[in-house]
Amino acid sequence: MPELPEVETIVRELRTRLTRRRVESATVERADVVHGDPRPLDALIAGRLVKTVDRRAKRIIIELTRNLRLVFHLGMSGRLTIDDHDNPIAKHTHVRIGFGREIGELRFRDPRRFGGVWVLTDAGEYVGKRLGRLGPEPLELAAKGFRRILASRRQIKALLLDQSKIAGLGNIYTDEALYAAGVHPMTPADALVEPIAGQLLRAIKQTLRRAIRARGSTLMDYRTVDGQTGSFQRQHRVYGRTGQPCRKCGAPIERIIVAGRSTCFCPRCQPL
DNA sequence: CGCATTTCCTGGAGGC
DNA sequence: TGCCTCCAGGAAATGC
């Protein structure tokens, strides 16, 4: 399940391989995963060059010439890969964007279809409707901004998962960061006063940076653009370790439901 | 408006 | 082996 580190890994690879390349064709196999400008994608983007590849929270933004952006969201099971044109097309491949023969084909595959691509031809629509409701990037967040976010009675886990408050964390990195800071996931956010709030922000940033360095966590679906797995799952302290001993204190890791999500934590290192 | 709950979807796991 | 049920979860939609 791609969160910020997985998406950042994908963006870096796409940037290296696609910047300044020319789109030659586009094929939509499933129209209902494509949103935004309703005109046929092939006619719309063929001939344009890739100007930039960037990330906002968990979204991948491919900017083409003449003010057109393709915004990919991978949802749960989405993958973006670059394949040779004649590679077999995997099941649930919904969109293919062809580049030159020596580059290959960008393929968007998403079995569960929680993801999609937004074709944005107007900057206003892009900022206002799609990305306007996203909170700040956690890696760019200062202590003051974080304290403002914490001014709520909600459980800290629910708050960190709320993309309109802070954008990019998902279930894995929320659990890992809370463990690293020694904070129980059900703690009311406004109970986190200094120095704990600062510790938590540092834990969030450190967890994300380490995960990016390991090219993300592969549990099931996630792969990098060239099909490799990430390796951060080997450094997980709580996520997916239910019943196994805490690496700090030896107590068994527990799994509970918080904010409707399965939540792993150490009852001894993260007391309420 | 803010926040909690429900809903979408498929593949894989586990029970029998 | 085959069939069934359950579960994973990002975020939009819905319901207070």
Side-chain angles (χ1 to χ4, degrees), chain A residues 1-11 29-36 55-61 71-80 89-95 108-118 120 125-126 128-138 148-178 185-191 208 211 216-223 229-230 232-233 236 238-243 253-265:
Chain A
M1 29 230 86
E3 302 178 27
L4 189 154
E6 290 76 27
V7 173
E8 176 66 23
T9 302
I10 290 167
V11 161
E29 309 282 1
R30 260 203 90 106
D32 61 359
V33 307
V34 182
H35 314 272
R55 176 184 66 73
R56 174 71 174 99
K58 302 173 192 173
R59 289 156 169 84
I60 296 159
I61 304 165
V71 179
F72 287 91
H73 194 285
L74 301 180
M76 272 289 291
S77 58
R79 277 196 213 175
L80 274 176
I89 297 166
K91 200 177 167 187
H92 305 297
T93 299
H94 306 312
V95 179
F108 175 60
R109 174 171 181 254
D110 185 15
R112 266 167 268 188
R113 277 186 279 136
F114 279 21
V117 53
W118 283 261
L120 305 177
E125 176 192 28
Y126 168 72
K129 290 187 185 164
R130 298 304 328 162
L131 303 186
R133 277 172 236 157
L134 290 175
E137 289 285 327
R148 261 199 306 274
I149 292 168
L150 293 179
S152 159
R153 288 209 153 88
R154 298 169 74 187
Q155 296 172 329
I156 184 62
K157 164 122 180 182
L159 203 66
L160 294 181
L161 285 175
D162 185 338
Q163 302 298 301
S164 72
K165 299 290 186 288
I166 177 170
L169 294 171
N171 213 28
I172 296 174
Y173 297 106
T174 299
D175 282 4
E176 292 297 324
L178 288 170
M186 293 173 78
T187 308
D190 57 6
L208 292 174
S217 305
T218 295
L219 300 175
M220 299 272 289
D221 297 298
Y222 163 70
R223 294 290 185 284
T229 58
F232 193 70
Q233 67 280 3
H236 287 180
V238 286
Y239 192 89
R241 295 193 68 243
T242 308
I253 299 301
E254 283 184 17
R255 180 181 171 278
I256 57 175
I257 301 295
V258 181
R261 290 284 168 261
S262 88
T263 299
C264 303
F265 75 108

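The basis for the numbers below is simple: all heavy atoms, side chains too, and nothing from hydrogens, waters or symmetry mates. Proteins come first, then strands; the chains are lettered A, B, ... in the order of their sequence lines, and each starts at number 1.
For B/dG2, the OP1/OP2 oxygens have no side-chain nitrogen or oxygen of A/Arg154 closer than 4.0 Å. Between A/His92 and the phosphate of B/dG11, there is a side-chain N or O to OP1/OP2 separation shorter than 4.0 Å. Within the 4.0 Å cut-off from OP1 or OP2 of C/dG10, not a single side-chain nitrogen or oxygen of A/Arg113 is found. Regarding contacts with the backbone of B/dC3, a side-chain N or O of A/Ser152 is found under 4.0 angstrom from either OP1 or OP2. Not one side-chain nitrogen or oxygen of A/Lys91 sits closer than 4.0 Å to the OP1 or OP2 atom of B/dT10. Within the structure, a side-chain polar atom (N or O) of A/Ser262 is placed less than 4.0 Å from OP1 or OP2 of C/dG9.
Axis angle across the helix from B/dG2-C/dC16 to B/dC16-C/dG2, with five pairs used at each end and values rounded to 10°: 40°.
In this structure, CD in A/Glu137 is found 6.0 Å from CG in A/Leu4, a value given to the nearest 0.5 Å.
Relative orientation of the A/Tyr173 and A/Phe232 rings is tilted, given thresholds of 30° and 60° on the angle between their planes.
Side-chain to base pairing of A/Arg261 with C/dG10: one donor and one acceptor N or O lie within less than 3.5 Å of each other.
Note on A/Tyr173: nothing from the nucleic acid sits closer than 4.0 angstrom, heavy atoms only.
Counting heavy atoms from C-beta outward, A/Thr174 and A/Arg261 have side chains that stay 4.5 Å or more apart.
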